[in-house]
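Worksheet: one structure, shown below.
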Amino acid sequence: MTQDELKQSVAREAIKYIVDDEVIGVGSGSTANFFVDELGKVRNRIAGAVASSEKTAERLKRHGIRLFDLNSVNELPVYIDGADEVTEHLAMIKGGGGALTREKIVATVAKKFVCIADESKLVPVLGKFPLPVEVIPMARAYVARQMVKLGGQPKLRERFATDNGNIVLDVWGLSILNPVELETAVNNIAGVVTNGLFARRGADLLLLGTKTGVRTIARK
Ligand code: 5RP
């Protein structure tokens, strides 16, 4: 099975978690794209979707799925999104596509976060994948210095701006043994909008695409 086929298998499995007649939160990235394509096939079952990025919004629209502004919905029963790295405890690094801030907002509002990923994303310790940090442009150098103090090597994501008009620093070389603590520490740096650690609000369920089938891991 190719990596894309594994992504497709979890996207298909995730349809089991949508709630009929409700608004669904939808993430960003290639795995989330497969999910949007599956959602398109059952679009009449849901009221619509809240997108975590402009790219996802475009794809949802192409499938004829009604888009909702997060401010206009009171409740979001479920949020479905991919991850760059995920642990057995369902803490994640996200933001490889740069949509981390909106993803974190929608994930926080949702009652249930279902993470969909192929088996290459499961890691014992987070940090091999560089941690994305969304930063207000004028704070770039200051935040970079603070990230060095925290043990990382920040690198500006070239020719990239987030949907919110900010820059992203990708921070290499972190071995993240306490993701909740680091998530809080990075968020407390002035100029940081969000960081890609999703540990305080981790996933509730992981659908992991493996060569022998989809493995379901629930938060303990
Ligand atoms: C985008 C994300 C994605 O969920 C993450 O990058 C995984 O992407 P993919 O499914 O393409 O591997 O956080 O900001």
Side-chain angles (χ1 to χ4, degrees), residues 1-15 17 24-39 49-60 70 78-87 90-110 112-123 126-135 155 157 159-172 174 176 179 183 186-187 192-210 214:
M1 259 177 135
T2 64
Q3 195 177 17
D4 274 356
E5 284 167 337
L6 295 178
K7 289 178 182 183
Q8 207 159 19
S9 69
V10 288
R12 237 179 272 129
E13 183 74 11
I15 292 296
Y17 296 89
I24 309 301
V26 184
S28 305
S30 57
T31 317
N33 281 346
F34 281 118
F35 173 68
V36 174
D37 296 344
E38 292 299 319
L39 200 57
V50 170
S52 66
S53 66
E54 300 296 340
K55 275 191 188 151
T56 294
E58 275 310 309
R59 200 174 186 99
L60 288 162
L70 184 61
V78 65
Y79 176 64
I80 295 172
D81 196 1
D84 298 301
E85 282 185 347
V86 58
T87 68
L90 308 196
M92 293 160 283
I93 286 185
K94 292 184 45 53
L100 59 159
T101 299
R102 295 188 188 194
E103 289 174 343
K104 200 173 277 193
I105 295 168
V106 185
T108 303
V109 172
K112 184 182 222 171
F113 185 153
V114 178
C115 176
I116 50 177
D118 66 86
E119 58 192 349
S120 71
K121 306 291 182 65
L122 187 66
V123 296
L126 298 172
K128 204 166 182 188
F129 190 91
L131 178 67
V133 182
E134 180 167 353
V135 176
K155 201 169 175 302
R157 200 177 290 187
R159 290 176 293 281
F160 182 81
T162 68
D163 286 347
N164 315 308
N166 297 313
I167 58 165
V168 170
L169 294 175
D170 290 305
V171 185
W172 295 78
L174 295 167
I176 305 169
E183 181 178 1
V186 177
N187 278 347
V192 168
V193 180
T194 340
N195 73 83
L197 275 169
F198 283 56
R200 290 192 304 187
R201 200 291 177 249
D204 298 297
L205 203 68
L206 168 62
L207 304 179
L208 193 72
T210 77
V214 176

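Every number for a ligand or one of its atoms is a count from 1 in the order of the listing. Remember, predicted model here, so these are calculated numbers, not experimental data.
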(request) Number the atoms of ligand 1 from 1 as they appear, then name those within less than 4.0 Å of a heavy atom of Asp81, with their elements. (result) 4 (O)

(message) Between Thr56 (side chain only) and Gly27 (backbone N and O only), is there a donor and an acceptor less than 3.5 Å apart?
(response) yes

(message) Show me which atoms of ligand 1 lie under 4.0 Å from any heavy atom of Gly82.
(response) 4 (O)

(request) Answer yes or no: is there an ion pair linking Asp37 with Arg59, defined by an N-O contact shorter than 4.0 Å? (result) yes

(request) Considering only NZ, NE, NH1 and NH2 on the basic side and carboxylate oxygens on the acidic side, decide whether Arg157 and Asp170 come within less than 4.0 Å. (result) yes

(request) Could you check atom 10 (O) of ligand 1 against the protein and tell me its nearest heavy-atom contact, residue, atom and distance included? (result) Thr31 OG1, 2.5 Å

(request) Among Leu207, Leu90, Leu206, find the one that has a side chain to side chain contact (heavy atoms under 4.5 Å, CB included) with Cys115. (result) Leu206

(message) If we ignore hydrogens and angles and just use 3.5 Å, is the side chain of Asp84 paired with the main-chain N or O of Gly95 as donor and acceptor?
(response) yes

(message) If the contact criterion is a heavy-atom separation under 4.0 Å, does Ser28 count as touching ligand 1?
(response) yes

(message) Please list, in number order, the atoms of ligand 1 under 4.0 Å from a heavy atom of Gly98.
(response) 14 (O)

(request) Starting from atom 4 (O) of ligand 1, locate the nearest protein heavy atom and write down its residue, its atom name and how far away it is, to 0.1 Å. (result) Lys94 NZ, 2.9 Å

(request) Using a strict cut-off of 4.0 Å, indicate which atoms of ligand 1 neighbour a heavy atom of Gly97. (result) 1 (C), 6 (O), 14 (O)

(request) Write out the residue and atom name of the closest protein heavy atom to atom 1 (C) of ligand 1, then the distance separating them to 0.1 Å. (result) Glu103 OE2, 3.1 Å

(message) I need the atoms of ligand 1 closer than 4.0 Å to a non-hydrogen atom of Gly95, numbered in the order shown.
(response) 2 (C), 13 (O), 14 (O)

(request) To the nearest 0.5 Å, tell me how far Thr31 OG1 sits from Gln8 CD. (result) 11.0 Å

(request) Looking only at protein heavy atoms, identify the closest one to atom 6 (O) of ligand 1 and say how far it is in Å. (result) Asp84 OD1, 2.6 Å

(request) Could you list which atoms of ligand 1 come closer than 4.0 Å to a heavy atom of Gly29? (result) 11 (O)

(request) Would you mind checking which non-hydrogen protein atom is closest to atom 12 (O) of ligand 1, with the distance to 0.1 Å? (result) Lys121 NZ, 2.6 Å

(message) So for ligand 1, is Ala32 a polar contact partner (N or O within less than 3.5 Å, distance only)?
(response) no

(request) Answer yes if the side chains of Ser120 and Asp118 hold a donor-acceptor pair under 3.5 Å, and no otherwise. (result) yes

(message) Would Lys7 pass as a cation-pi partner of Phe34, given that its NZ or CZ must be under 6.0 Å from the six-membered ring centre and within 45 degrees of the axis?
(response) no

(message) Considering Ala99, Ser30, Ala117 one by one, which has a heavy atom nearer to atom 9 (P) of ligand 1 than any of the others?
(response) Ser30

(message) Between the side chains of Glu183 and Arg201, is the shortest nitrogen-to-carboxylate-oxygen separation below 4.0 Å, so that they form an ion pair?
(response) no

